[in-house]
Amino acid sequence: MTTTPEATISDARERIDALDDRIIGLIQERMAVSSVVQQIRIASGGRRVHLAREMEILGRYREALGRPGTSLAMTLLELCRGRI
């Protein structure tokens with residue numbers, strides 16, 4: 001049986017939607033974990049944001065995804081900052 005282009009596109013879009021749902025869930029989980037880290041850091045007299053750590057994260061995303069990875073990481077870091 002041959003699949004039509006429309007059916008293939010529809011199936012692919014369903015997979016993309018499922019992947020997006022998983023990505024959103026992972027981001028929400030990351031935000032919660034980041035909040036715990038920030039709370040502990042502040043309670044122990046540290047700063048909310050650890051710039052060296054953020055630079056590591058930016059570099060990791062850039063290496064894995066190229067220049068757009070940096071923008072993605074910046075957005076992710078912004079979502080995770082100051083949520084305490």
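Bear in mind the structure is a predicted one, so any value in this text is a computation, not a measurement. By convention here, the first residue in the shown sequence is residue 1.
Of all heavy-atom pairs spanning C80 and R30, the tightest one is SG-NH1, 3.2 Å. Taking every heavy atom of both residues into account, L58 and T70 meet most closely at CD2-O, 3.8 Å.
Sorted by first and then second residue, the salt bridge (charged side-chain N to carboxylate O under 4.0 Å, His left out) pairs involving residues 8-27 (not counting sequence neighbours) form an empty list.
E54 meets the side chain to side chain contact (heavy atoms under 4.5 Å, CB included) test with V49, L51, L77, R81; sequence neighbours excluded. Applying the side chain to side chain contact (heavy atoms under 4.5 Å, CB included) test to T8 and every residue at least two apart in sequence or in another chain returns T3.
No donor-acceptor pair closer than 3.5 Å links the side chain of S35 to the backbone N or O of M31. No side-chain donor-acceptor contact under 3.5 Å links R62 to the backbone of G69.
In terms of hydrophobic clustering, with Ile, Leu, Val, Met, Phe, Trp and Tyr side chains grouped at heavy-atom distances under 4.5 Å, L65 and L76 are assigned to a common cluster. Linking Ile, Leu, Val, Met, Phe, Trp and Tyr whenever their side-chain heavy atoms come within less than 4.5 Å puts M55 and L79 in one cluster. I23 and M74 end up in the same hydrophobic cluster when Ile, Leu, Val, Met, Phe, Trp and Tyr side chains are linked at under 4.5 Å.
No salt bridge links E63 with R60; every basic N to acidic carboxylate O contact stays at or beyond 4.0 Å.
Between the side chains of S34 and Q38, at least one donor-acceptor pair of N or O atoms lies under 3.5 Å.
To the nearest 0.5 angstrom, L26 atom CG is 10.5 Å from L19 atom CG. Distance CZ/R48 to CZ/R41: 9.5 Å, rounded to 0.5 Å.
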